[in-house]
Chemist: 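First the structure, then my questions, so here it is.
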Amino acid sequence: MSTGIEKEMWTTKLRKGWQKNLPVEKLLPDTQPAYVASWIYMFGVATLASLGVIIASGLWLSFEGASWYHFSSVGHFVNSIHFWAVQFFFIFMVVHLWGKFWMAAWRGKRMMTWVTGALAFVGSIATAFTGYLIQTNFDSQWISYEAKDGFNSVGIGSKFTVTNFGQMILLHVAFLPVIIGVITLIHVLLVRSKGVVPPIDAFNKELGERK
Amino acid sequence: MSDRRTELEAAPWGGRTRRYDLIKEGVVAVVIIAILAAVLSTLFGSPDDKQITFKDWATAAPADFYATSVQELAGTSGTAGYGAPYNTASDGVNLGPLHLAKIMGVTHPVDTVNDFVITPLTTVSNAAPVADALKLWQASDAKQQSTWATNYDTALTKANQDASKVPTGDYGPVPELAAGLLTMAQAGSLDGALLSQGNYFQSDNTKQTLFLGDGSYFNDQSTASNLQGDTWGMMNETGRYPGQAWLWLYSFWYQIPPFNNGDSHPFGANADAWIMVIMGALSLGLIIMPLIPGVRSLPYKIKIHRLIWKNYYQEENL
């Protein structure tokens, strides 16, 4: 029996809210609705898997330094894995996004699931962009020179200085991955909490509608 | 959309279910992606065109480097006339009456004369003509310095960047300063001097990048690599590698009128700012798309979902 004081406690409210909205059976279910049976559902988990490979290879590159891959064959291989995993990540994420659009996956009070997914997409573009800026090669020199004009044109360049290698490497390996990680975590928890959106016509019979 | 339908779609699924091993699926996906990435890495590697140093530039295109150094002294280079956030030489691009860069002010001051030429020259021991030129320059007032540099810049431009064809004139120490900087760059000591600016720790490459971009050599290299903005360069990569294909829409606007009209059109001259605003609005639109009438109805009108849930619809006879 909870006392009045316990009911007012933030910790108690958080625990009860968590238990209500995301019990462990929802977090780690061993069944899914029968309609979750299409190749399109693979792209969400493939995006997350690519992100895992990006983080693992990125951590290795972080410990060795930004220039390591220029003179080490192992470094070049790890950098290549990072590079190709990013390509996979965006391909899978774009297909996932289109799939969710055609499913109208925001239905049934899932608006925030869509919003966090779209934010993750936009944030990932920014993160990848800073990665291209810290390649310490000709490409990164040119991208920083060209991109400065875009950011300067709307005043953002006064704070976000693409030609500042120190700022870009910190954003790429610290700030932006944390932001993407948090948004992705919220997105996944929302998917688990709200469940996978049912087919558009699933409730036509209940609502007395014809297909 | 009826409230009743929304409630039904939001409620926990009460229909048929199937076994689904999330953890196994995730682990298998990570392993497959890692293997695929490793295979592509082994077969193709990743792009890594060598960075361009000032030594590379000064050695491969000495006339271009020399002329750019003179422009930095005369204040006629791209950086010298850029405006905010580097200086106050111009208002910069605008969004109609809004000059956002100017409003934000000079947050990264760049003095092309001293940062690019004079300060680096003072960090090395120079031959007599350069050392004397440096002393003369530093002992002169700004007006005199400007007159010398402008005179020489004009003459050098008329001579098509060929210093040997520049007629004698009132150039002061400018030719010797530019020659001294060229020698310094060819020796490989300018890169460090531009970065450090007299300090020990430094991680901001802004001054190096701006100086490099003021010359033609850097631009020519990017053109050769198909990286220019007007040829979809934003989403290209050096060599035959995929680039940032996800920037295709951003790059797209630079290929069409009025944004590709250059300085002849207000939108062309200020394309960077307008395209940034367009992309910001489109990004916001993507995030809040379920609220946008018309767009949010497309999945109901174009029934691709019938394909996605084909099995379910067949089994349920929907």
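Letters A, B, ... mirror the listed sequences (proteins, then strands); counts begin at 1. Note that the structure is predicted; figures quoted are calculated from it, not measured.
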Chemist: Would you find a donor on one side and an acceptor on the other, under 3.5 Å apart, between the side chain of B:Trp13 and the backbone of A:Gly195?
Modeler: no
Chemist: Applying side-chain contact (heavy atoms from CB on, under 4.5 Å) to B:Trp246 and A:Val94, what does each step give before you reach the verdict?
Modeler: CA-CA 9 Å; B:Trp246 43 92; A:Val94 168; 5.7 Å; no
Chemist: For A:Trp102, is it the side chain, the backbone, both, or neither that has a heavy atom closer than 4.5 Å to a heavy atom of chain B?
Modeler: both
Chemist: Going by the salt bridge (charged side-chain N to carboxylate O under 4.0 Å, His left out) test, which pairs reach into residues 41-53 of chain B, not counting sequence neighbours?
Modeler: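 For residues 41-53 of chain B: B:Lys50-B:Asp56.
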Chemist: For side-chain contact (heavy atoms from CB on, under 4.5 Å), just list the numbers for B:Glu237 and A:Tyr132, CA-CA rounded to whole Å, side-chain angles, deciding distance to a tenth of an Å, and then say yes or no.
Modeler: CA-CA 10 Å; B:Glu237 175 59 89; A:Tyr132 276 81; 3.3 Å; yes
Chemist: Using only atom types and a distance under 3.5 Å, with no angle test, would you say the side chain of B:Thr238 pairs donor to acceptor with the backbone of A:Asp139?
Modeler: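 Judged by distance alone, no pair lies under 3.5 Å.
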Chemist: Under 4.0 Å between a side-chain nitrogen and a carboxylate oxygen: does that hold for B:Glu9 and A:Lys109?
Modeler: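 Not counted as a salt bridge, because no side-chain N and carboxylate O are separated by less than 4.0 Å.
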Chemist: Kindly compute the distance separating OG1 (B:Thr209) from CD (A:Glu146), expressed to the nearest 0.5 Å.
Modeler: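 Here the interatomic distance stands at 12.0 Å.
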Chemist: Answer yes if the side chains of B:Tyr82 and A:Asp149 hold a donor-acceptor pair under 3.5 Å, and no otherwise.
Modeler: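 Per modelled atom types, B:Tyr82 and A:Asp149 side chains form a pair under 3.5 Å.
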Chemist: Measuring only between side-chain heavy atoms, which start at C-beta, is B:Thr206 closer than 4.5 Å to A:Lys148?
Modeler: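 Of all side-chain heavy-atom pairs linking A:Lys148 with B:Thr206, none is under 4.5 Å.
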Chemist: More than 12 heavy atoms of other residues, nucleotides or ligands under 6.0 Å from NZ of A:Lys159: is that the case?
Modeler: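 No, the 6.0 Å shell around NZ holds no more than 12 heavy atoms from other groups.
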Chemist: Please classify the contact between A:Val36 and chain B as side chain, backbone, both or neither, with a heavy-atom cut-off of under 4.5 Å.
Modeler: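 Both backbone and side chain of A:Val36 come within 4.5 Å of chain B.
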Chemist: For the residue pair B:Leu40 and A:Ser80, establish whether any side-chain heavy-atom pair is separated by less than 4.5 Å.
Modeler: no
Chemist: Could you tell me if the side chain of B:Ile304 sits less than 4.5 Å from the side chain of A:Trp98, heavy atoms only?
Modeler: no
Chemist: Does any N or O in the side chain of A:Ser38 come within less than 3.5 Å of the main-chain N or O of B:Trp309, such that one atom is a donor and the other an acceptor?
Modeler: no
Chemist: In terms of heavy-atom proximity below 4.5 Å to chain B, should A:Ser158 be classed as side chain, backbone, both, or neither?
Modeler: both
Chemist: With a 3.5 Å distance limit and no angle check, can you tell me whether A:Gln141 reaches the backbone of B:Ile52 through a side-chain donor-acceptor pair?
Modeler: yes
Chemist: Do the ring planes of B:Tyr241 and A:Trp84 sit parallel (below 30°), tilted (30 to 60°) or perpendicular (above 60°)?
Modeler: tilted
Chemist: Drop me the distance from A:Gln32's CD to B:Arg16's CZ, to the nearest 0.5 angstrom.
Modeler: 14.0 Å
